[in-house]
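Data block below; observations after.
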Amino acid sequence: MVATFFGEVVRTPCRAGTEDEEEEEEGRRETPEDREVQRQLARKREVQLFRRQTKTTLEVSLLEKHPCSKFIIAVGNNAVAFLSSFVMNSGAWEEVGCAKLWNEWCRTTDTAHLSPAEAFCVFYHLKSNPSVMLCQCNCYVAEDQQYQWLEKVFGSCPRKNMQVTVLTCRHVTDYKTSESTSSLHTPFLKALKTQNFKEPSSCSLLEQPNIVHDLPAAVLSYCQVWRIPAVLYLCYTDAMKLDLITVEAFKPVLSSRSLKCLVKNIPQSTEILKKLMTTNEIQSNIYT
């Protein structure tokens, strides 16, 4: 510090500090090698849709190639197990596509026989009515991949005459309420719908200030912007692993117009669910 002729006290410039800043600036400058690494990483994180049977990439969006009137999306292992047991077991479904994803949390598999422990994102349509489509997404779609996923699946100009249903879970600690979360009876179901979804929901609506996250939130936002009727059923649970009680918490959705006509034998589906849980338990014990 020095005093000027007029008495002000000013800070003297420090050359050492300037040199440090210059070194930091140089360190922040991107080299061609840095840019190449970023390009390779961006390519690796690209979302790709392909047919596992033929190993060919889909050149157009999934719903452009397979127009649908009803699209049901399960995100997470419990929602996937619910659709597998209660919906896919009730009819003949054919695989029409598979998403290839790589990020810091998961790497999807493209094996023919999928187990609940693996990361995958597979699309099917109903053989007897190909306009009914279903997505089983048992993997994490990173924030920077969500728009790519939406574009690859829905396309840049989606049809508005379809209805979208999304099923997913969150931990009960994410649920905001004035009462203690320890007093809540878990699992429980909440619904959030777009403005164009006019049907009654199968459970009570999600209250403010609660919010939804990740891919389900991206899908619902996309549908709201494009005025597509869509509803999200969100199960709050204290068990984020595959859990029988959590899976069965989705049962009220079976009475909805979207799923009612797809489910035939609920007692048989419940037995299939129990077998699925046993298989998953055996596989988990093998890997632990």
Side-chain angles (χ1 to χ4, degrees), residues 30-31 33-52 55-63 65 71-84 95-124 133-156 158 164 166-171 173-174 211-223 225 230 232 234-235 237 239-243 246 280 283-284 287-288:
E30 285 187 351
T31 64
E33 289 80 10
D34 292 334
R35 287 191 287 272
E36 181 56 31
V37 168
Q38 287 173 6
R39 276 194 294 271
Q40 288 179 10
L41 189 60
R43 278 198 297 271
K44 201 169 184 181
R45 292 178 74 91
E46 282 179 7
V47 177
Q48 295 180 348
L49 257 59
F50 68 102
R51 293 288 304 266
R52 283 192 300 174
K55 300 289 182 184
T56 53
T57 305
L58 296 180
E59 299 300 327
V60 295
S61 72
L62 185 75
L63 297 189
K65 190 171 178 63
F71 191 20
I72 305 159
I73 305 169
V75 181
N77 52 3
N78 285 302
V80 165
F82 174 75
L83 281 194
S84 296
E95 185 179 322
V96 293
C98 178
K100 189 176 182 182
L101 281 160
W102 181 93
N103 56 49
E104 56 274 19
W105 289 103
C106 85
R107 181 179 180 179
T108 53
T109 179
D110 56 359
T111 54
H113 302 289
L114 299 168
S115 77
E118 290 175 311
F120 56 84
C121 184
V122 186
F123 303 88
Y124 305 87
M133 289 196 64
L134 187 147
C135 171
Q136 297 277 60
C137 187
N138 194 28
C139 65
Y140 174 71
V141 182
E143 192 174 334
D144 63 309
Q145 296 174 319
Q146 289 166 13
Y147 179 75
Q148 291 182 58
W149 190 96
L150 291 167
E151 209 170 38
K152 300 278 184 181
V153 174
F154 287 92
S156 54
V164 177
V166 186
L167 308 174
T168 194
C169 290
R170 292 293 295 186
H171 198 273
T173 51
D174 287 335
I211 58 172
V212 292
H213 304 76
D214 304 327
L215 184 64
V219 171
L220 210 64
S221 299
Y222 185 89
C223 291
V225 169
L232 165 66
L234 178 56
C235 178
T237 177
M240 292 310 290
K241 290 183 178 179
L242 195 55
D243 173 66
T246 301
N280 180 69
Q283 287 179 340
S284 297
Y287 292 113
T288 54

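Computed from a predicted model, the values in this text were never measured in an experiment. Basis for what follows: all heavy atoms, side chains included, without hydrogens, waters or symmetry-related copies.
For T56, the side chain to side chain contact (heavy atoms under 4.5 Å, CB included) criterion is met by R51, T54, not counting sequence neighbours. Q148 pairs by the side-chain hydrogen bond (donor to acceptor under 3.5 Å, both in side chains) definition with nothing, not counting sequence neighbours. A230 pairs by the side chain to side chain contact (heavy atoms under 4.5 Å, CB included) definition with V164, T194, L220, C223, not counting sequence neighbours. A search for side chain to side chain contact (heavy atoms under 4.5 Å, CB included) contacts involving A218 returns Q146, L150, not counting sequence neighbours. With sequence neighbours excluded, the residues that form a side-chain hydrogen bond (donor to acceptor under 3.5 Å, both in side chains) with T246 are T237, D243. Under the rule for a side-chain hydrogen bond (donor to acceptor under 3.5 Å, both in side chains), the partners of E151 that lie at least two apart in sequence or sit in another chain are Y147. Here E104 pairs with R45 under the salt bridge (Lys or Arg N to Asp or Glu O under 4.0 Å) rule; sequence neighbours left out.
Considering CZ of F82 and CG of L167, their distance stands at 6.5 Å, rounded to 0.5 Å. Separating the NZ atom in K152 from the CD atom in Q48 is a distance of 6.5 Å, to the nearest 0.5 Å. Between C98 atom SG and L49 atom CG the span is 8.0 Å, to the nearest 0.5 Å.
Using a distance-only test at 3.5 Å, with no hydrogens or angles considered, no donor-acceptor pair links the side chain of D214 to the main chain of Y140. Side chain of Q136 to backbone of V80: a donor-acceptor contact under 3.5 angstrom is found. The backbone N or O of N77 sits less than 3.5 Å from a side-chain atom of N138, completing a donor-acceptor pair.
When all heavy atoms of T168 and V75 are compared, the closest pair comes out as OG1-O, 3.0 Å. Summarising the geometry of L58 relative to V96, their closest heavy-atom pair is CD1-O, 4.4 Å, with the distance given to 0.1 Å. For the pair P158 and G155, the tightest heavy-atom approach, listed with the atom from each and the gap, is CD-O, 4.1 Å.
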